Amino acid sequence: MPFFVFKSIDLESIGAGSTVEKTWTSDDDYILKRMYIIETSETAVGLQFLKVTFWIDNTPYVKDFVNAKVFEGYKNQQVELNLPLSKGKTFKISVSNIHSTSAISAHLVLELWKE
């Protein structure tokens with residue numbers, strides 16, 4: 001197995017003023033190195049309108065929320081999380097769209113390194 005893998009989670013279309021929650025249960029022992037959020041809307045609205053919170057097995061890693069722009073950009077611009085995500089643990093993300101009129105579609109990509 002390679003030293004790392006990517007796991008994509010489709011956040012789908014998040015309506016204006018709505019929140020979506022997604023979970024994924026880890027299939028192996030990993031270190032969550034980085035998270036990337038990529039907007040997939042047909043006409044770009046902007047990640048600045050998305051508020052993000054995430055947990056691993058009910059342990060929150062965000063106080064209140066963080067703007068999705070934090071997880072946008074190139075690898076050398078990303079925050080290194082280095083969070084253990086052991087087999088059977090559940091990663092959960094909540095994403096709220098604070099835009100007043102537009103839905104925003106996005107994907108989440110987890111960069112998972114082997115322990």
Side-chain angles (χ1 to χ4, degrees):
M1 180 167 188
F3 291 105
F4 71 93
V5 295
F6 291 111
K7 170 64 181 164
S8 293
I9 298 172
D10 186 0
L11 299 173
E12 301 169 2
S13 178
I14 308 162
S18 297
T19 298
V20 67
E21 289 186 352
K22 297 288 182 166
T23 61
W24 176 69
T25 301
S26 181
D27 60 354
D28 207 340
D29 293 331
Y30 298 109
I31 299 295
L32 173 54
K33 189 76 153 184
R34 294 177 188 86
M35 290 189 339
Y36 306 90
I37 297 179
I38 299 118
E39 184 178 7
T40 57
S41 307
E42 284 187 27
T43 50
V45 179
L47 293 180
Q48 70 269 19
F49 296 106
L50 298 181
K51 296 187 331 184
V52 175
T53 305
F54 67 96
W55 303 260
I56 295 176
D57 263 8
N58 298 317
T59 300
Y61 288 94
V62 175
K63 286 194 177 281
D64 302 319
F65 69 91
V66 65
N67 191 285
K69 294 283 284 180
V70 169
F71 302 110
E72 180 183 49
Y74 298 105
K75 180 180 173 181
N76 64 342
Q77 299 169 323
Q78 291 294 322
V79 175
E80 266 196 36
L81 301 171
N82 294 319
L83 300 172
L85 183 55
S86 304
K87 184 175 183 172
K89 299 281 186 179
T90 300
F91 173 87
K92 178 181 174 183
I93 187 166
S94 176
V95 183
S96 298
N97 178 355
I98 61 170
H99 198 280
S100 60
T101 59
S102 297
I104 300 172
S105 297
H107 277 100
L108 170 70
V109 178
L110 305 177
E111 182 181 326
L112 303 168
W113 286 74
K114 286 296 291 171
E115 282 191 326

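Everything numeric in this text was worked out from a predicted model, so none of it was measured. Counting from 1, the numbers follow the sequence of the chain as shown.
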(request) Kindly determine whether L112 and L32 satisfy side chain to side chain contact (heavy atoms under 4.5 Å, CB included), including the steps that lead there. (result) CA-CA 5 Å; L112 303 168; L32 173 54; 4.0 Å; yes

So with a 6.0 Å cut-off around [atom1] of [X], is the heavy-atom count from everything else above 12?
X   : atom1 : result
F6  : CZ    : yes
K33 : NZ    : yes
N82 : CG    : yes

For [Y], is there any backbone N or O sitting under 3.5 Å from a side-chain donor or acceptor partner on [X]?
X   : Y    : answer
Q78 : E72  : yes
T90 : T25  : no
N67 : Q48  : yes
S41 : A106 : no

(request) Over all heavy atoms of both residues, which pair between V45 and H99 is shortest? Give the atoms and the distance, please. (result) CG1-CD2, 3.6 Å

(message) Show the nearest heavy-atom pair for residues T101 and A16, with the distance to one decimal.
(response) C-CB, 3.6 Å

(message) Applying a strict under-4.5 Å side-chain criterion to I, L, V, M, F, W and Y, I'd like to know whether Y74 and L81 cluster together.
(response) no

(request) Following the transitive rule for hydrophobic clusters with a side-chain heavy-atom cut-off under 4.5 Å over Ile, Leu, Val, Met, Phe, Trp and Tyr, establish whether V70 and I9 coincide in one cluster. (result) yes

With rounding to the nearest 0.5 angstrom, report the [atom1] to [atom2] distance, [X] to [Y].
X   : Y    : atom1 : atom2 : result
L50 : I14  : CG    : CD1   : 5.0 Å
K89 : I56  : NZ    : CD1   : 9.0 Å
M35 : E111 : CE    : CD    : 12.0 Å
E39 : L47  : CD    : CG    : 5.5 Å
L83 : S86  : CG    : OG    : 11.0 Å
D10 : S105 : CG    : OG    : 8.0 Å

Any side-chain heavy atom of [X] within less than 4.5 Å of one from [Y]?
X   : Y    : result
V52 : V62  : no
F54 : L110 : no
P60 : T53  : no
S94 : W55  : yes

(message) For F49 and I104: C-alpha separation, side-chain torsions, deciding distance, then whether side chain to side chain contact (heavy atoms under 4.5 Å, CB included) applies.
(response) CA-CA 8 Å; F49 296 106; I104 300 172; 3.7 Å; yes

(request) Show your working on side chain to side chain contact (heavy atoms under 4.5 Å, CB included) between F91 and L108 and close with a plain yes or no. (result) CA-CA 12 Å; F91 173 87; L108 170 70; 3.6 Å; yes

(request) Report yes or no: is the cationic atom of K114 (NZ for Lys, CZ for Arg) closer than 6.0 Å to the six-membered ring centre of Y30, at no more than 45° off its axis? (result) yes

(request) Step by step, work out the side chain to side chain contact (heavy atoms under 4.5 Å, CB included) result for V66 and F71. (result) CA-CA 9 Å; V66 65; F71 302 110; 3.6 Å; yes

